[in-house]
Amino acid sequence: FFMLSGFVLFTAHLRRPKEEGVFEYVIRRSVSIYPLYAFSLLPAIIFAKVLGHVPCIQALVAQSFLVQAWWPGWTEQALQSHCWFLSA
C-alpha cells in the first residue's frame, strides 16, 4: 500500500510539479482533510454515547486535534480507529 501510494504521488508530482513548501503542503492537505474528519467525529461521539462506550476526555481531545497516536492508550480508545494514520 505504501509503495503504491508513494508511486502514485510521485508520478502525479512529475506530471504537474508544484512549487510549494512543506508548510503550504500541510495547510493545503489539512484544509481538505480535517473538516470531513471533524464532521465524522461528531456522529461517532454521539453513537458512542448512546452505546455507553465514550472514551476518556483526554482521548476525545486528542482525537479532535489529531494527536491520538501520541499515546497508545488514546489510540486504543479511538472512536475512529481507522483514522490512526491522520494523527500528527
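Quantities reported herein were computed from a predicted structural model and do not represent experimental measurements.
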Could you pull out the closest heavy-atom pair between P35 and S30, with the gap in Å? CD-O, 3.6 Å
Hey, could you give me the CD/CD distance between E19 and E24, rounded to the nearest 0.5 Å? 10.5 Å
Working to the nearest 0.5 angstrom, can you tell me the gap between Y34 OH and F65 CZ? 6.5 Å
Keeping the roles fixed (side chain from Y37, backbone from Q63), state whether a donor-acceptor pair exists under 3.5 Å. yes
Distance check, rounded to the nearest 0.5 Å: I27 atom CD1 versus Y25 atom OH? 12.5 Å
Applying salt bridge (charged side-chain N to carboxylate O under 4.0 Å, His left out), which residue pairs with at least one partner in residues 28-41 are found, sequence neighbours left out? E20-R28
Calculate, to the nearest 0.5 Å, the distance between atoms CG and CG belonging to L9 and L14 respectively. 11.0 Å
Pairwise distance CG(L51) to CD1(I46) - rounded to 0.5 angstrom: 12.0 Å
Residue pairs, two or more places apart or on separate chains, that pass salt bridge (charged side-chain N to carboxylate O under 4.0 Å, His left out) and touch residues 48-71: none
Supply the atom-to-atom distance L66 CG to I33 CD1, rounded to the nearest 0.5 angstrom. 9.0 Å
Flag if over 12 foreign heavy atoms under 6.0 Å of CZ, F47: no
Would you check, one step at a time, whether the test side-chain contact (heavy atoms from CB on, under 4.5 Å) holds for L60 with V54? CA-CA 9 Å; L60 288 175; V54 179; 4.1 Å; yes
